[in-house]
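Keep in mind it's a predicted model, so treat the numbers as computed, not measured. Basis for what follows: all heavy atoms, side chains included, without hydrogens, waters or symmetry-related copies.
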Amino acid sequence: MKLTVLGCSGGIGSGRHTTSLLVDDDVLIDAGSGLTTLDFEQLLKIDHVFLTHAHLDHVLGLPLLLDSVGDLRGTPVTVHALPEVLQVLATHLFNWHLWPDFRVIPSAESPWLRFEPLDFGQTFTLAGRSFRPLPANHVVPACGLHLSTAAGSLVFSGDTTHSDAFVAALNAIPDLRHLIIETSFENERADVARASRHHWPDSLAAELGMLSVGPEIWITHLKPGNEVAIMEELREAASGWGVEALIQGQVIEL
Ligand SMILES: [Zn+2]
Ligand SMILES: [Zn+2]
């Protein structure tokens with residue numbers, strides 16, 4: 001399995017794109033502005049989209065993706081997400097006001113878009129790759145994702161602050177090789193991070209200290225302009241972990 005980072009910033013500006021990860025060439029994890037870096041042929045190959053939550057920085061590319069490729073595909077794009085997330089998309093995005101409901105375009109029998117509820121405890125398997133939601137702790141219903149192949153496991157936290165359930169889930173994955181986890185704010189903005197349920201360096205270091213597994217740690221969702229400061233604080237707070245910032249364009253092979 002090959003995971004390509006299309007976008008991993010907590011914002012936009014100067015080449016930064018928001019969260020979107022491509023798995024091989026047919027599965028997308030989150031549909032932030034990073035999705036717009038793909039060319040048209042690549043967009044056409046996306047059959048499945050897993051969403052960690054409904055916040056705009058993680059879904060904004062989805063309506064435009066469907067509008068771009070829907071008519072040329074023979075099959076719908078399937079969106080996998082927690083039922084609460086799918087409900088938000090139906091009510092607030094694909095609601096005929098903000099964007100058409102592609103679940104009934106061109107017809108309900110042959111649509112461009114399908115919703116597939118992804119519940120905790122379920123695993124969705126696609127050609128030797130499995131996808132499983134993990135509990136997260138964000139201001140809206142949200143999950144992380146556990147990607148697994150015969151070669152090992154990778155977990156993406158999505159947006160989250162500390163979660164005992166997430167830590168327990170990680171510790172139950174003995175072949176965990178890579179952990180992509182967010183840290184959005186520097187320590188002096190811990191109040192903002194708490195209120196918006198994101199990590200800051202000290203909270204992430206505490207979380208890593210609870211792990212009994214030893215994955216490579218990749219930091220994502222750094223707020224624009226504060227990337228260097230956050231990473232400096234993280235390297236100090238979580239010394240020994242070798243934390244690295246995830247980079248747009250980076251490829252992780254599993
Ligand atoms: Zn969010
Ligand atoms: Zn976000």
Side-chain angles (χ1 to χ4, degrees), residues 1-70 73 77-82 85-86 88-89 93-94 99 102 112-116 118 124 126 129 131 133-134 136 138 140 142-147 154-160 178-184 198 218-224 227 244-254:
M1 185 177 75
K2 179 176 140 185
L3 182 138
T4 306
V5 180
L6 306 179
C8 56
S9 177
I12 58 171
S14 302
R16 296 173 180 89
H17 281 289
T18 68
T19 306
S20 193
L21 309 170
L22 183 66
V23 179
D24 297 322
D25 61 359
D26 59 333
V27 179
L28 201 66
I29 296 176
D30 283 345
S33 69
L35 171 57
T36 65
T37 63
L38 293 179
D39 64 31
F40 186 67
E41 294 304 315
Q42 291 174 302
L43 293 174
L44 272 172
K45 291 178 180 166
I46 296 170
D47 294 324
H48 297 269
V49 181
F50 288 83
L51 297 177
T52 58
H53 64 303
H55 274 161
L56 208 50
D57 56 323
H58 298 252
V59 306
L60 66 89
L62 183 60
L64 299 171
L65 168 71
L66 295 164
D67 200 33
S68 300
V69 303
R73 290 173 49 87
V77 173
T78 302
V79 171
H80 307 257
L82 299 176
V85 173
L86 296 177
V88 171
L89 297 183
L93 180 50
F94 298 105
W99 210 246
F102 287 119
W112 293 357
L113 169 65
R114 277 184 64 235
F115 282 175
E116 179 86 28
L118 186 63
F124 191 88
L126 270 171
R129 304 158 298 180
F131 300 82
L134 300 181
H138 198 33
V140 292
C143 67
L145 282 170
H146 172 199
L147 282 60
L154 177 150
V155 165
F156 169 51
S157 71
D159 287 7
T160 189
H178 298 278
L179 172 60
I180 300 173
I181 189 162
E182 75 121 292
T183 305
S184 296
H198 285 289
W218 304 101
I219 304 300
T220 188
H221 214 275
L222 298 159
K223 284 293 177 187
E227 294 99 335
E244 293 289 345
L246 198 66
I247 298 169
Q248 194 172 306
Q250 182 176 349
V251 173
I252 297 176
E253 302 263 3
L254 196 65

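A distance-only check finds no donor-acceptor pair linking the side chain of Arg73 to the backbone of Gly70 [under 3.5 Å]. A distance-only check finds a donor-acceptor pair linking the side chain of Trp99 to the backbone of Pro63 [under 3.5 Å]. Formation of a donor-acceptor pair under 3.5 Å by the Thr52 side chain with backbone atoms of Gly144 is not found in this model. Of the possible donor and acceptor atoms, one in the side chain of Asp24 sits under 3.5 Å from a partner among the backbone N and O of Lys2.
Taking the side chain as every heavy atom from C-beta outward, Val155 and Ile181 never approach each other to under 4.5 Å. Counting heavy atoms from C-beta outward, Leu65 and Leu43 have side chains that approach closer than 4.5 Å. Here the side chains of Val5 and Leu3 are in contact, with some heavy-atom distance below 4.5 Å. At least one side-chain heavy atom of Leu21 sits less than 4.5 Å from a side-chain heavy atom of Phe156.
The ring pair (Phe, Tyr, Trp, His ring centres under 6.0 Å) search around Phe115 returns none, not counting sequence neighbours. For His55, the side-chain hydrogen bond (donor to acceptor under 3.5 Å, both in side chains) partners are His53, His138, not counting sequence neighbours. Under the ring pair (Phe, Tyr, Trp, His ring centres under 6.0 Å) criterion, His48 pairs with His80, Phe124, sequence neighbours left out. Residues satisfying the side-chain hydrogen bond (donor to acceptor under 3.5 Å, both in side chains) test with Asp67, not counting sequence neighbours, are none. Applying the side-chain hydrogen bond (donor to acceptor under 3.5 Å, both in side chains) criterion to Asp25, with sequence neighbours excluded, gives no partner residue.
The residues Asp47 and Arg114 are annotated as not salt-bridged, no charged nitrogen and carboxylate oxygen being separated by less than 4.0 angstrom.
When the options Leu28, Asp30, Leu35, Leu51 are evaluated for a side chain to side chain contact (heavy atoms under 4.5 Å, CB included) with Leu62, the one that passes is Leu51. Partner of Val79 under the side chain to side chain contact (heavy atoms under 4.5 Å, CB included) criterion, out of Val59, Leu66, Val49: Val49 alone.
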Glu253 vs Val251, side-chain contact (heavy atoms from CB on, under 4.5 Å): CA-CA, chis, key distance, verdict: CA-CA 6 Å; Glu253 302 263 3; Val251 173; 4.1 Å; yes

Please list every donor-acceptor pair under 3.5 Å in which a side-chain atom of residues 7-18 meets a protein atom from a residue at least two apart or in another chain.
from	atom 1	to	atom 2	distance (Å)
Ser9	OG	Gly11	N	3.1
Ser9	OG	Gly11	O	3.1
Arg16	NE	Glu227	OE2	2.6
Arg16	NH1	Gly13	O	3.0
Arg16	NH2	Glu227	OE2	3.4
His17	ND1	Ser33	O	3.2
His17	ND1	Ser33	OG	2.9
Thr18	OG1	Ser33	N	2.8
Thr18	OG1	Asp57	O	2.7

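Note that NE2 of His146 and CG of Leu154 are 8.5 Å apart. Values are rounded to the nearest 0.5 Å.
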